Amino acid sequence: MLTINHLRCEYKVNPIGLDVKSPRLSWQLQSDQRNCVQSAYQIQLSLTDGHEQTVWDSGKVISDQSIHVELAGWEPQARTRYYYRIRVWDAAGEQSAWSAAAFFEMGLMDSKNAWKADWITSRPEDEHDTACPRLRTTFELKQEVTRARIYVTALGLYELHLNNKRVGQDYFTPGWTSYGKRLQYQVYDVTELLQAGGNILGAFLGDGWYKGHLGWNKEKRIFGDQAALLLELHIHYADGTVDTILSNGDWKTANSAIRMSDIYMGETYDARLETDWTDNTSTRWSPVEVLEYTKHIIVAQENVPVTKVQELKPIALITTPQGDRVLDMGQNMVGWVKFNIEGRQGHTVELRHAEILDHEGNFYTENLRGAAQSIRYTLKGEGVESYEPHFTFQGFRYVKLIGFAESINLDDFKGVVLHSDMERTSDFQCSSPLVNQLHHNILWGQKGNFLDVPTDCPQRDERLGWTGDAQMFIRTASYLMNTGPFFTKWLRDLQADQGEDGGIPFFVPNLRSSTSEGWGDTSHSSAAWGDAAVICPWTIYEMYGDVRLLAEQYDSMKRWVHYIHEQGNVPYLWNTGFHFGDWLGLDSKPDSYIGATDKDFVATAFYAYSVSLVRKAAEVLGHDEDEAYYTKLHEHIVTAFREEFVTPAGKLAVPTQTAHVLALHFELLDTKARQRAIDQLGKLVADAGNHLTTGFVGTPYLNPVLSETGHHDLAYTLLFQEDYPSWLYQVTKGATTVWEHWDGIKEDGSLWSADMNSFNHYAYGAIGEWLYRYVAGIRSDEKSPGFHVMHIEPQPGPGLDWVEASLDTMYGRVGSSWYRREHNEMEVHVTIPANATGTVVLPGASLQTVMEGGLPLHKVPHLQGVQTRESQVKIDLGSGSYKFTYKCVEESEPVIIK
Ligand code: RAM
């Protein structure tokens with residue numbers, strides 16, 4: 001039977017508030033037959049979920065496209081909800097039933113001009129007053145309401161309440177964008193929150209990224225000095241009339257119990273000042289001020305919202321040698337602690353947050369630098385009080401309790417994990433518990449650092465959208481979760497913050513403050529950091545087949561490589577300016593963060609790589625002249641690179657692991673030099689005692705390059721090292737996230753210098769990509785992106801007996817698992833989703849011995865294997881689940897070292 005499910009619009013389930021002219025729909029086919037391919041589809045739009053009346057019908061469209069299908073040739077109306085349903089035909093002409101209805105709802109459409117409301121603010125009498133203001137209005141309903149929507153944004157952060165209930169499940173709204181250029185608004189369905197007669201609508205405003213502390217220079221008010229609200233409530237009555245409640249000068253403002261709330265610093269809350277939104281006796285409400293501020297920068301919500309994704313229970317209460325009482329959450333997490341407390345009115349308790357205990361077991365906060373991460377709560381004294389903060393988040397595993405009663409009940413505390421609510425898309429399990437823990441740590445690195453923007457770290461006074469880190473981790477991130485909307489938003493900010501000259505800031509959103517300055521001759525555009533402008537849209541294209549984003553970013557991609565082109569003082573080399581180089585490489589000079597790999601080498605290698613990707617993008621987008629131009633440009637860069645960095649005899653002049661990794665991964669060498677570099681890389685790793693010396697730039701590509709170049713066993717050896725430096729070193733030290741430094745905690749328990757020692761930094765977590773792409777072997781095909789065509793090539797190696805992996809692609813679930821059984825038997829399980837195809841490469845297989853589902857290959861319909869190497873069989877597959885078994889041929893007999 002053929003069925004349709006997993007309906008998505010712009011990657012999202014039933015999104016509200018789209019401002020896209022031609023929304024894109026994606027769906028998945030389910031079939032109990034193998035080789036299921038869509039031959040045609042039909043989409044119908046209706047204003048009701050029963051589809052009584054169709055407002056648009058695509059008719060039967062002959063096409064195998066089932067992802068990002070644009071609703072072209074039809075004009076969506078602002079603020080209108082459309083229900084859609086889909087049916088498809090397979091290659092044999094079988095027709096599916098209609099899918100269940102899903103919907104999308106348009107936003108204001110012309111969000112730059114559509115606002116009738118005014119920006120309103122509460123100007124504190126004392127500019128040092130940190131309290132979060134409240135703004136409110138009251139209104140009456142005229143008759144029965146059929147639907148009601150709030151369209152809202154803020155300078156700063158907002159939390160809305162309607163009739164004393166919190167509106168929506170989103171946090172840190174309106175999100176962090178390149179404020180001043182782009183500001184998101186959100187839409188909430190509040191039909192159910194309205195009540196007959198009088199209603200009261202209010203908002204808390206927080207400083208957030210807009211005007212709170214940001215950057216390590218203790219600056220505030222980087223984007224503006226006045227928090228403000230812009231809101232429209234549209235109420236549709238049964239008689240067809242519409243009322244609008246607008247933020248304007250009639251609103252009133254008052255102080256709140258939130259005395260201070262700041263992303264880095266934490267929150268101070270005085271529950272004695274809590275009042276109901278309706279209270280007029282103990283609260284002094286005064287008129288708001290109308291603020292003149294542009295509305296021409298307002299855009300609809302692009303990313304998925306930040307929500308409370310899960311809750312953790314503390315695993316222990318510790319008393320440290322210094323006598324502190326500390327909760328252990330069992331996991332380095334990002335979010336906050338929610339707690340219940342009972343006590344005397346006016347008593348204040350404090351929670352401090354830290355990532356680790358020091359080697360004596362004491363609470364350690366020095367690595368937080370200027371981020372206080374402190375929550376202070378003053379009790380109102382009315383029985384059990386429950387509290388959680390509003391406009392701040394903490395990165396922590398340990399929570400120091402100050403001022404709490406003698407007896408602590410762990411059930412009174414919960415760790416609330418918040419991040420952008422991306423769909424989890426994969427799973428990886430294997431026979432090594434340590435590697436499983438590493439995978440877990442990588443996942444938690446993403447959870448902690450994908451809170452609306454991709455940050456380097458979530459705990460110290462930094463938490464910035466470092467471009468380099470994002471570029472290094474994006475592919476791993478896109479295996480672990482669906483990052484389409486997340487990077488759509490961030491890349492638009494990157495484009496907005498790109499310099500006139502094409503340069504890219506070190507972090508996006510850029511801060512335009514002293515934090516962005518101070519790196520020598522330029523304060524932007526480092527190689528491997530600025531290249532995020534090219535690598536990120538290309539990766540999203542490969543992982544999700546997102547051509548529209550690629551087209552949208554194309555100009556920015558070009559401008560970045562042209563920026564580079566203008567920099568070199570020798571044509572086709574990038575040999576000027578400030579670079580982070582192979583950041584934190586272990587071969588750096590003492591007291592330097594910059595690894596030994598020549599910076600001009602890194603810069604020119606990335607120049608070539610980015611140009612090669614822009615060339616591919618030009619090809620995808622059909623820009624033929626550009627394609628020819630970038631092909632030539634790439635040739636010139638590669639020639640210049642070889643002249644500068646490869647000796648006439650074919651040896652790389654820069655003798656580091658990272659240099660070899662980059663030259664190989666970016667395909668910068670001719671055949672002779674390539675083979676020398678492959679051999680030399682093996683030697684460099686061996687010389688380092690089978691350890692890596694790479695930093696941020698080399699590490700993500702190290703294992704992929706080893707696996708690609710015949711050193712696959714060496715890649716496994718690196719993976720399984722447990723002593724410093726290695727991925728598992730930190731796992732054996734009890735890490736639950738990935739560290740910034742290979743030795744954040746040293747062998748003797750002492751710590752890396754507190755000035756830069758994050759224990760939740762995802763950069764080195766980029767090894768996750770290798771686990772999925774090589775160990776499990778699940779790879780996209782860039783010629784048919786989004787896993788429409790895939791390549792499954794599990795690559796077993798010494799140390800693992802089995803791997804079970806899956807990836808939820810836009811087409812559906814891809815599975816790849818392998819097991820080494822007794823007597824040299826190998827089992828490989830593969831799943832290809834409907835409307836996708838792939839090839840599987842069976843390692844260590846010979847054609848004669850391969851069985852599928854218990855039958856020899858030639859007896860299985862539509863399956864034909866090819867012996868590509870002596871010990872490798874390649875089979876083209878349509879959709880379906882397959883179980884291959886075979887006896888491994890001699891030469892690839894597994895060496896099990898554990
Ligand atoms: C640090 C952060 C970040 C890195 C920059 C260069 O501040 O660790 O991850 O990208 O330096």
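As the structure lists them, so they are numbered: ligands from 1, and atoms in each ligand from 1. Both backbone and side-chain heavy atoms feed into the values below; hydrogens, waters and symmetry mates do not. On a predicted model such as this, the values are computed, not experimentally measured, just so you know.
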Quick note on ligand 1: atoms under 4.0 Å from a heavy atom of Glu740 include exactly 2 (C), 8 (O)

Looking at Asp469, Thr455, Asp456, Thr467, the heavy atom closest to atom 4 (C) of ligand 1 belongs to Asp469

*Run the salt-bridge test on Arg369 and Asp461 with the 4.0 Å N-O cut-off and return the result as yes or no.*
yes

The answer for which part of Phe506 has a heavy atom under 4.0 Å from ligand 1 is neither

Legend entry - Asp452 and Lys489 ion-paired at < 4.0 Å: yes

Between His353 and the options Gln394, Met333, Gln459, the side chain to side chain contact (heavy atoms under 4.5 Å, CB included) test singles out Gln394

Proximity flag His579 to ligand 1, non-hydrogen atoms under 4.0 Å = no

Under 4.0 Å from one or more heavy atoms of Glu462, ligand 1 contributes atoms 1 (C), 2 (C), 7 (O)

Between Glu302 and Arg182 (salt bridge meaning N to carboxylate O under 4.0 Å), is one present in this structure?
yes

With heavy atoms and a 4.0 Å threshold, my read on which part of Tyr593 contacts ligand 1 is neither

Atoms of ligand 1 under 4.0 Å from any heavy atom of Phe696, numbered from 1 in the order shown, are 9 (O)

Of Tyr764, Trp742, Trp739, the one forming a ring pair (Phe, Tyr, Trp, His ring centres under 6.0 Å) with Trp727 is Trp742

**Prompt:** Does NZ or CZ of Arg463 fall inside the cone over Phe393's six-membered ring, less than 6.0 Å from its centre and within 45° of the axis?
**Reply:** yes

Atoms of ligand 1 under 4.0 Å from any heavy atom of Phe580, numbered from 1 in the order shown, are 6 (C)

Numbered in order shown, the ligand 1 atoms found under 4.0 Å of a heavy atom of Arg460 are 2 (C), 7 (O), 8 (O)

Note: His741, heavy atoms under 4.0 Å from ligand 1, region reported as neither

**Prompt:** If you draw a 6.0 Å radius around CD in Glu500, do more than 12 non-hydrogen atoms from other residues or ligands fall strictly inside?
**Reply:** no

